[in-house]
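Heavy atoms only: backbone and side chains are in, while hydrogens, waters and symmetry mates are out. First the proteins, then the strands, lettered A, B, ... as listed; each starts at 1.
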Amino acid sequence: MSRAVTATLRVNGEERTVAFPGHHTLLEVLREECALTGTKHGCELGECGACTVLVDGRPVLSCLTLACQHEGREIETVEGLADGNRLGPLQVAFADLGAAQCGYCTPGILMAAEAMLREQPRPSRERIAEQLSGNLCRCTGYLKIVEAVEWAAAVRRGEDAGPPPEILFGHPEPGRPGGDAPGRRPSETASSNT
Amino acid sequence: MNDENRSPADAAADAADTSPSSAGRYIGAPFRRVDGRAKVTGDTRFADDLVFPRMVFVKLVRSTVPHARVGAIDFSAAREVPGYLGHLVGDDLPIPFGILPVSQDEHALALDKVRFVGDPVAAVAATTEDAATEAALAVGVEYEQLATIASLEEALATPEPRIHELERSEGNVHKAVSYRFGDLEAGLAEADLFLDDLFYYEGNTHLAMEQHACVAVPEDDDRVTLYSSTQTPHYVHRALTRVLGLPASRIRVVATSNGGGFGGKSDPFSHEMVAAKMALVLGRPVKVVLTREEVFYCHRGRHPVLMSQRTGFTKDGRITAQHLKTVLDGGAYGSYGVASTYYTGALQTVTYKLPRYAFDGVRTFTNKPPCGPKRGHGTPQPRFAWEVQLDKAAHRLGIDPAELRLRNLEEPDAVTANYLQLGTIGLRRCIEAVVEGSGWRERYGKLPEGRGLGLACGSYLCGAGLPIYWNHMPHSGVQLQLDRSGGVAVFCGETEIGQGSDSVLAALVADVLGIELGDIRLCVADTDLTPVDLGSYSSRVTLMMGNAAIQAAERARELVAQAAGDALEVPVSRLVFADRRVFDAETPADGMTFQEAVILAEARFGTLGTTGSYTPSRNPARYRGSGVGSSPTYSYSAAVLEVEVDPLTGLYRPAHVWIAHDIGRSLNPVLVMGQVEGSVYMGLGEAMMEEQVFRRLPPSRSSALVHKMPSLLEYKSPTFHDMPPVTTYLIEDPDPAGPMGAKEVGQGPLLPIMPALSNAIFDAVGARVDQVPIHPHMVLKALSAKDRRYGPRAFPEVDFGPPLHVPTPAEGGDGRAIDDPRHRRTHGIRSADGTMTTREEALRAQHAAGLTTG
């Protein structure tokens, strides 16, 4: 067993002094000592991205870095994304478009996307895929996640954008005009219940 | 709804021939899932997020050898680790368990033998997770190694040593089944074209992002609560009752939100038994969190299956008969394997008219982690064989592959050759949608070399027709509690695994009562507090829980309507529940708030509560083993996949997927889309790269069989970069069996993907790969092979046992086998006191009826 160390970590703008075994990762200390369990572990190898947090604005795999190295750094986790009780645009988009299903990979993906959108307000689809390619998701097939990031980017830019109806309802069934074609009730699309 | 589920309130409603109506705002709309906010804030509490005062940690000591007798276990070094609290061995939990009543073959910790690398041998508790890990590593175990069996071929060829000493089978065969539905030879004699093909489907695993975890909390003198990431809290409850030897009423199982399941959290697991036992021994909360490596050992994933499929066609493309043979590599334990074996044959009949059908299946034991149910449970393997063979038949017959399928489509409400009662079938519209959307008619067979289109279809259950253990109780129950607050509490044993079942439950109740999601409080997946729901497996939750929820909500609406109707002096039949109000349909201004109506009802009837139940109706099959495959109705899917193949390297890339799914009705299209796209993704993973494979160590290191890649670094799964664009069509044709017409979507859309890829590669480069995953080297080898094919070349000699002959409905059959040695039981059996017992009672008495599940 390694000896305990003490460190003052600044997480989501709040400072706290914690004691922990020196070999513990940032992930372990955030979850166990700081009680910030929103950050997840998925592989212990830096392969799945579920543990992604921001350190000084950059995405970092918290399972691969020691907590004791992060004194004086600005650490951000999923718990810091909302403004008080108000969800941020990425959170709204993920919740409304089904970009979070089981939600286990979601905190890591939100943080990786957040870092990108701060620097690149208008990322291409390729850029989004590149940024998030270190994050695995087994539920969504990734498509809704890309859509959600694009929508959130538009909202952050101040555009009055909504997701296209085929994202919410599927594509209209070919050869059946007006049948059960998706796109009905567009007024009830996702943004109505934020 | 079954008559036995009806209450006096229903009867009263019928007598008055009157029901109030509802206008809901959620069903059919893309509303935000009820747990959506928690999932984007980090508030969702998964099992590993739970912390209790005085909580300690347990680590399992797992076998390092694949097949051995366990000798002495030495804890002396472990005891020296600071923080060590205690340990458990096999003798502390000697009662076997297993998900199926016929396969009670697992022990929480090895009693005498270990059967695969990763099999739990002992458990160590300590004050911290680090200390538990260190102590577990310090435990010394002596092993007397036995020969290991690596593959299904080896299992068939190696009767000794036996991995399990089963009485009902020989050697390393776990289960063999054989059926003849109709006169196969007559069917083949009608054929102008025979195809006889071999296929192989490699095993793969669920890879849910959340590792299994649980916390057991002791309460009072002899009670324990287990919080676990399980898809099946009810079955875990039953297994714990058995293994701990406590009354079921002293054990509470709460399923936490699962961080993905896909079938991998559907078994009762060793770590759950160990946590509960250790909590009772230590009198402290105990947490077990598996590492990713351990999750690969828990497995229960896709069975590797070798298949031989012989099918006859007339020259105009009609299917005359099929004979399918499957051999499954089951791994080291039973798990769901008996059901999986049946599932490799059961659903071949539900998409196309198949007048005569023969199925032989056998499951083998090998020294590898146990296989079980993964999304599609046992059906993706034969579906791959079926859809690739249809593609071959289309080419041989000169018929377009889409047209060949359309000519053979099964009829709605048909009873198949193996006696499955079908419901609505949206497959024609599915095929037409993807054909139209992909430009199939203009592009198929006409794209430049290296680019191709492939089409395939599939079908899946909407819940298994029978429960896993024999009983006559509901498969799902929902209880509502209404009170003067105007809020409605909804209790149900259903388990949220990411698919959105909580949202379906809340929205159905909200819409029947005309209230908002915010008025609903859910209490789910808690064996102390909620009515039983069998769990999140076999795509059963929406249909079964949904029907139970509607029944409970309609009964509540009836009570509230009686009170409101009297106060408003309006007949109940004219009342509408909408917008959190109850009002007269003819003069909507005359009404009251929902809360005011509930207050009137509470004053009149006392404390308000209603229940709803769902039990599937009986299927027409009467032969032994027919429990597997029956379902209240079936979903259908069709996909076209476009691929780019480099003929020089064999590298390929899916360029686009068009998929149509027969959903019956979308209760929430966003959730439905998510299941469709997630299924396409998971299917692509299986088709392109995912495989749970093993290698032998060199003789100098014991020739042991070890997992090739028990880590996320080496087990390849698709990333953002691998996912092609997907065009999704939701085909709506409400099914009377479904809640508000809905069918399943969690599993069906995966099925067409693997064969669609193989078929597309053929269209692109003219080579067949009869195997998944399709690695680039297989494409290259197929291109250079004389028959332009890559796939298995031999099928072993297998004794499937004497077949049961079941005349088909078209042959005048009544669903029974004509030569079952146990046939007399189908007519009842004389009991000891001379009375005739029913068939079901007779079967139950003889323990012959446990073979059911999804």
### Query
Hey, does the side chain of A:Arg138 reach the backbone of B:Gly261 with a donor-acceptor pair shorter than 3.5 angstrom?
no
### Task
Provide the closest heavy-atom pair for B:Phe46 versus A:Gly103 in the form atom of the first, atom of the second, distance.
CZ-C, 4.1 Å
### Message
What's the separation between atom OG1 in B:Thr41 and atom CG in A:Leu81, rounded to the nearest 0.5 Å?
### Response
9.5 Å
### OH on B:Tyr729 to CD on A:Glu166, rounded to 0.5 Å
10.5 Å
### Task
Check each atom of B:Asp43 against the heavy atoms of chain A and say whether the ones under 4.5 Å are side chain, backbone, both or neither.
neither
#### Entry: Expected output: side-chain B:Arg292 to main-chain A:Gly42 donor-acceptor under 3.5 Å
yes
### Point-to-point distance, once rounded to the nearest 0.5 Å, from CZ of A:Arg31 to CG of B:Asp49
4.5 Å
### Query
Non-hydrogen atoms of chain A under 4.5 Å away: do they reach the side chain of B:Pro724, the backbone, both or neither?
backbone
### Task
Working to the nearest 0.5 Å, report the span between CZ of B:Phe262 and SG of A:Cys102.
6.0 Å
### Proximal component of A:Ser133, with respect to chain B [non-hydrogen, under 4.5 Å]
both
## Note on the structure
Only residue of B:Arg33, B:Arg32, B:Arg37 satisfying salt bridge (charged side-chain N to carboxylate O under 4.0 Å, His left out) with A:Asp96 is B:Arg32
### Contact origin within B:Ser679 toward chain A - heavy atom pairs under 4.5 Å
neither
### Message
Is A:Lys144 in contact with chain B via its backbone, its side chain, both, or neither, using a 4.5 Å heavy-atom distance?
### Response
both
### Query
Can you tell which of B:Gln675, B:Glu677, B:Lys39 makes a side chain to side chain donor-acceptor pair (under 3.5 Å) with A:Gln101?
B:Gln675
### Query
Does a side chain donor of either A:Glu44 or B:Gln211 reach within less than 3.5 Å of an acceptor in the other side chain?
yes
### Message
If I measure from the heavy atoms of chain B, does A:Ile167 come under 4.5 Å with its side chain, its backbone, both, or neither?
### Response
backbone
### Task
Over all heavy atoms of both residues, which pair between B:Pro30 and A:Phe169 is shortest? Give the atoms and the distance, please.
CD-CZ, 3.7 Å
## Note on the structure
Turns out that what part of B:Val51 lies under 4.5 Å from chain A's heavy atoms comes down to neither
### Message
Does any backbone or side-chain atom of A:Ala82 lie under 4.5 Å from a heavy atom of chain B? Answer side chain, backbone, both or neither.
### Response
neither
### Neighbour count above 12 (heavy atom, 6.0 Å) for B:Glu442 CD
yes
### Message
If I compare all heavy atoms of B:Gly437 with all of A:Pro174, which pair ends up nearest, and what's the gap?
### Response
N-CG, 4.1 Å
## Note on the structure
Cut-off 4.5 Å, heavy atoms of chain A, and the answer for B:Ile497 is backbone
### Message
Is it the case that the side chain of A:Tyr142 and the backbone of B:Pro718 share a donor-acceptor pair, with hydrogens and angles ignored and the cut-off at 3.5 Å?
### Response
yes
## Note on the structure
Applying a strict 4.5 Å limit to non-hydrogen atoms, the region of B:His661 in contact with chain A is neither
#### Entry: side chain to side chain contact (heavy atoms under 4.5 Å, CB included) evaluation trace for A:His41 with B:Thr291
CA-CA 10 Å; A:His41 62 95; B:Thr291 63; over 6 Å; no
### Query
Which one of A:Ala35, A:Gly88, A:Gly98, A:Ala100 has the most heavy-atom pairs closer than 4.5 Å to chain B?
A:Ala100
### Task
Return the option, out of A:Thr39, A:Leu87, A:Leu45, with the maximum number of heavy-atom pairs under 4.5 Å with chain B.
A:Leu87
### Query
With side chains defined as the heavy atoms from C-beta onward, is the minimum distance between B:Phe720 and A:Ile145 less than 4.5 Å?
yes
### Task
Tell me, for A:Leu132 versus chain B, whether the close heavy atoms (under 4.5 Å) come from the side chain, the backbone, both or neither.
both
### Smallest separation among heavy atoms of A:His24 and B:Asp130, with atom names
NE2-OD2, 2.7 Å
#### Entry: Heavy-atom side-chain proximity of A:Leu168 to B:Met673 below 4.5 angstrom
no
### Query
Do B:Val40 and A:Leu110 come within less than 4.5 Å of each other through their side chains, counting heavy atoms only?
yes
### Summary
Rounded to the nearest 0.5 angstrom, the CE-CG distance for B:Met723 and A:Leu143 is 4.5 Å
### Message
Need one label for A:Ala50: side chain, backbone, both or neither, based on atoms under 4.5 Å from any heavy atom in chain B.
### Response
neither
### Task
Sort out for me which of B:His206, B:Glu129, B:Arg45 touches chain A most, counting heavy-atom pairs under 4.5 Å.
B:His206
### Task
Check each atom of B:Ser257 against the heavy atoms of chain A and say whether the ones under 4.5 Å are side chain, backbone, both or neither.
neither
### Query
Rounded to the nearest 0.5 Å, how far does CD of B:Glu436 lie from CD of A:Glu173?
10.5 Å
### Query
Which heavy atom in B:Gly36 sits nearest to a heavy atom in A:Ala95, and how many Å separate them?
O-CB, 3.8 Å
### Smallest separation among heavy atoms of A:Val78 and B:Gly42, with atom names
CG1-CA, 3.9 Å
#### Entry: Heavy-atom side-chain contact between B:Met209 and A:Cys137 under 4.5 Å
no
### Message
Between B:Asn258 and chain A, with a heavy-atom cut-off of 4.5 Å, which part of the residue counts as in contact: side chain, backbone, both or neither?
### Response
backbone
### Query
For B:Met682, is it the side chain, the backbone, both, or neither that has a heavy atom closer than 4.5 Å to a heavy atom of chain A?
side chain
### Task
Please step through side chain to side chain contact (heavy atoms under 4.5 Å, CB included) for the pair B:Leu730 and A:His171, ending with a clear verdict.
CA-CA 8 Å; B:Leu730 304 182; A:His171 284 257; over 6 Å; no
### Query
Is chain A contacted by the side chain of B:Val680, its backbone, both, or neither, given a heavy-atom distance below 4.5 Å?
neither
